[in-house]
J.: 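Pasting in a structure now, in structure tokens, and then I'll have a few things to ask.
A, B, ... follow the sequence lines: proteins, then strands. Residue 1 opens every chain. In this text, all values refer to a predicted model and were calculated from it rather than measured experimentally.
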There are 2 protein chains.
Amino acid sequence: MNRAADPEDVPGLPPEFGFIRRNFLPLAGAAALGLSDDAAVFSPPPGREIVAAADAMVAGVHFLPDDPPETVGAKLLRVNLSDLAAMGAVPLGYLLTLSVPPDLEPGWFEAFAAGLAADQRRFELSLLGGDTTATTGGPLVLSLSILGTVPPRQALRRNGARAGDGIWVSGTIGDGALGLDVLQGRAQDPTGWLAERYRRPSPRTGLGWRLLGVASAAMDVSDGLLQDLGHLCRASGVSALVDADGVPASPAAAAFGDASLERRLTGGDDYELLFAVPPEREGELASAAAEAGVPVTRIGRFEAGPPTVTARHSDGTLLRPARLGWSHF
Amino acid sequence: MNRAADPEDVPGLPPEFGFIRRNFLPLAGAAALGLSDDAAVFSPPPGREIVAAADAMVAGVHFLPDDPPETVGAKLLRVNLSDLAAMGAVPLGYLLTLSVPPDLEPGWFEAFAAGLAADQRRFELSLLGGDTTATTGGPLVLSLSILGTVPPRQALRRNGARAGDGIWVSGTIGDGALGLDVLQGRAQDPTGWLAERYRRPSPRTGLGWRLLGVASAAMDVSDGLLQDLGHLCRASGVSALVDADGVPASPAAAAFGDASLERRLTGGDDYELLFAVPPEREGELASAAAEAGVPVTRIGRFEAGPPTVTARHSDGTLLRPARLGWSHF
């Protein structure tokens, strides 16, 4: 990183100390011990289990190099919060590692940290610790590990869906993928909604824990609805029949019409919850969704049979996408 | 990554699934839920606190691109284990994120995972989860977050050293820095010891928890002994007087003679423990070190005064290094 002298630089200390103190110390909770020890220490809430996940984001792959740094910070935290939500967990704290190429402009991390700060308050968690390293080049690489908690033996898994359960999603599907298309100039969205959804998804942490005892299985949609649904089917040993035209679209996505349907169902970057609910629990689900303030939609049904995903139009014809979702390699 | 079809590839699944299943599923403990859910879930040991730390390693910065992948895996885990040891914690598990450039050779991660597997057994922890992402180029970036536990309110901190406490280190100091010199052709070591110490440091997890109630402060030495000692002095509000010639050297390092002393005391990559022990607890320390099978050496004394580090030769002259340690930026 090309950097000028930092006002927080301390004589006799390497420059990363000023950088960390200025940008990241304000994010640190009590467990972080002022970011000045070798690790964070905290007492887990008694009687709850720990839930732990990690996601990395690479510039040019998971976010655009010219995305506002505030939204990059928010997205990094939110994709991890989405994993907690999918398990029915509530957030506790996170660890952050930054691998910074030499050409990143000074000030980038100030805005990045501001994005984290706003979301820490919103989602009620704090920074536990981490590591800042310089790279010799290549893209900026950000990695975040998140910790949360659930009541014992109640975490939502992918393997509990049963034939007859409804297939449900939170929010709207396809905004993230269409938002990427907009940001890369392949589509237009005068509302700005889709780009915002790509850059700053809405992890459903308020809904996730309310699905404990209601949903029989859950995961988050990150790599394309149909592909992710396939994972849930394989874990649960069921097949899935999706009403393709019933998959909820935001108004901005709906404006693209039917031409965008395949993109919406396979594009990824949704960070919505995908879950199974037995018919007899649909009343409880309605209450949970209302309390959380998150819309939920039934998009199909799990059936007995090999773990395949069938997406059908309202007229009975099948949707046959060229690919089901995003591949990381 | 240029990759051939993987024998674990599953038709209809993106290729990263075969990659993860083949290389990383064997590392996963019960808490990882088969690496097939959105997060790991585990019950923390009752009555203990959680200790959490994260370190990233970048090819060409923290390891050499031609280091054997087994040792890169081992080093990544060990530098994090060293943070747990410094807090007096015992290991529990870890999360791993990989950001992989396209030109990494197939098979690299097989050996990397083998290095992790051997060390998981040795240090008694397991993989909880993580994320694999492709980058558009640049160096391989690895990030590991580690979790451990300590008895409540007993974690070793950096802020407890008092004037009169002895300054102690585990093992030998300077091997890592000299090992890097050897691997980069700036020095010779026919024994191979120094390169091995650079590539595969020895985190003192067996000693760390035995220092609970014995050491008044502790940290690990990663960025240079004198610089890291300065951090401990600032946290504790004491000064340090170091007997420079008494800092323990391995036989391989000692073969370089006095010319290497400054390099040894400022070079970094030691991953030894640096800790404070009141004189009345030196007997307990001797027992703890003997039980752990780790040699410990008193290298000086904390004194009242501003947080400065003075390193003095046996003849009373001062060591005045050009820099105290490694800077990450």
Side-chain angles (χ1 to χ4, degrees), chain A residues 1 3 12 14-16 19 33 36-44 49-56 58 60-62 83-84 86-87 89 95-97 99 101 128-139 141 143 145 147 150 152 155 157-158 219-220 230 235 324-329, chain B residues 1 3 12 14-16 19 33 36-44 49-56 58 60-62 83-84 86-87 89 95-97 99 101 128-139 141 143 145 147 150 152 155 157-158 219-220 230 235 324-329:
Chain A
M1 188 160 36
R3 57 189 298 288
E16 74 264 20
F19 170 82
L33 307 176
S36 59
D37 268 281
D38 289 283
V41 183
F42 62 93
S43 291
E49 292 182 328
I50 303 284
V51 177
D55 273 310
V58 179
V61 180
H62 305 89
D83 285 326
L84 290 189
M87 304 297 288
L95 297 153
L96 185 62
T97 67
S99 300
L128 294 169
D131 189 25
T132 304
T133 61
T135 72
T136 48
V141 177
S143 177
S145 293
L147 299 176
V150 283
R157 302 283 307 275
R158 296 183 181 181
M219 67 181 299
D220 79 329
L324 293 176
W326 164 259
S327 167
H328 290 260
F329 280 167
Chain B
M1 186 160 35
R3 56 190 298 290
E16 73 265 21
F19 171 82
L33 307 176
S36 59
D37 268 283
D38 289 283
V41 183
F42 63 92
S43 292
E49 292 182 329
I50 303 283
V51 177
D55 273 310
V58 179
V61 179
H62 305 89
D83 285 326
L84 290 189
M87 304 297 287
L95 297 154
L96 184 62
T97 68
S99 299
L128 294 169
D131 189 25
T132 304
T133 62
T135 72
T136 48
V141 177
S143 177
S145 293
L147 300 176
V150 283
R157 302 282 309 273
R158 295 184 181 181
M219 66 183 298
D220 79 327
L324 292 177
W326 164 258
S327 167
H328 290 259
F329 280 167

J.: May I have the step-by-step check of side chain to side chain contact (heavy atoms under 4.5 Å, CB included) for B/V61 and A/T133, ending in yes or no?
T.: CA-CA 9 Å; B/V61 179; A/T133 61; 5.7 Å; no
J.: Heavy-atom distance under 4.5 Å to chain A: side chain of B/M87, backbone, both or neither?
T.: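 For B/M87, the side chain is the part near chain A, not the backbone.
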J.: Roughly how far, to the nearest 0.5 Å, is the CE atom of A/M219 from the CG atom of B/D38?
T.: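 So the CG of B/D38 and the CE of A/M219 are separated by 5.5 Å.
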J.: Please classify the contact of B/I50 with chain A as side chain, backbone, both or neither, using a heavy-atom distance under 4.5 Å.
T.: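 It is both, since atoms from each part get that close.
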J.: Please flag which part of B/L33 lies under 4.5 Å from any non-hydrogen atom of chain A: side chain, backbone, both or neither.
T.: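 For B/L33, heavy atoms of backbone and side chain both lie under 4.5 Å from chain A.
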J.: Between B/P44, B/A86, B/G60, which has the largest tally of heavy atom pairs under 4.5 Å with chain A?
T.: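 Top count of heavy-atom pairs under 4.5 Å with chain A: B/P44.
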J.: Any chance you could lay out the side chain to side chain contact (heavy atoms under 4.5 Å, CB included) test for B/L95 and A/L95, step after step, and finish with the verdict?
T.: CA-CA 11 Å; B/L95 297 154; A/L95 297 153; over 6 Å; no
J.: Nearest 0.5 Å please: distance from the CG atom of A/L96 over to the OG atom of B/S145.
T.: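 Output value for this atom pair is 9.0 Å.
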J.: Looking only at heavy atoms, which two atoms of A/A39 and B/A53 are closest? And how far apart?
T.: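 Looking at all heavy atoms of both residues, the closest pair is CB-CB, 3.8 Å.
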J.: Are A/V141 and B/V58 packed together at the side-chain level, in the sense that at least one heavy-atom pair is separated by less than 4.5 angstrom?
T.: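 A side-chain contact is absent here, since even the closest heavy-atom pair is not under 4.5 Å.
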J.: Highest number of heavy-atom pairs under 4.5 Å with chain B: which of A/A89, A/G138, A/G129?
T.: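 So the answer, after comparing A/A89, A/G138, A/G129, is A/G138.
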J.: Ignoring hydrogens and angles, tell me if any N or O in the side chain of A/D131 forms a donor-acceptor pair with the backbone of B/A56 under 3.5 Å.
T.: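 Yes, the answer is positive, given that a donor and an acceptor are paired below the 3.5 Å cut-off.
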J.: In terms of heavy-atom proximity below 4.5 Å to chain A, should B/S36 be classed as side chain, backbone, both, or neither?
T.: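 The answer is the backbone of B/S36.
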J.: Please state whether the side chain, the backbone, both or neither of B/A155 comes within less than 4.5 Å of a heavy atom of chain A.
T.: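 Answer is side chain: those atoms of B/A155 sit under 4.5 Å from chain A.
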J.: Working to the nearest 0.5 Å, report the span between CG of A/D37 and CZ of B/R158.
T.: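 A/D37 atom CG to B/R158 atom CZ measures 5.5 Å (nearest 0.5 Å).
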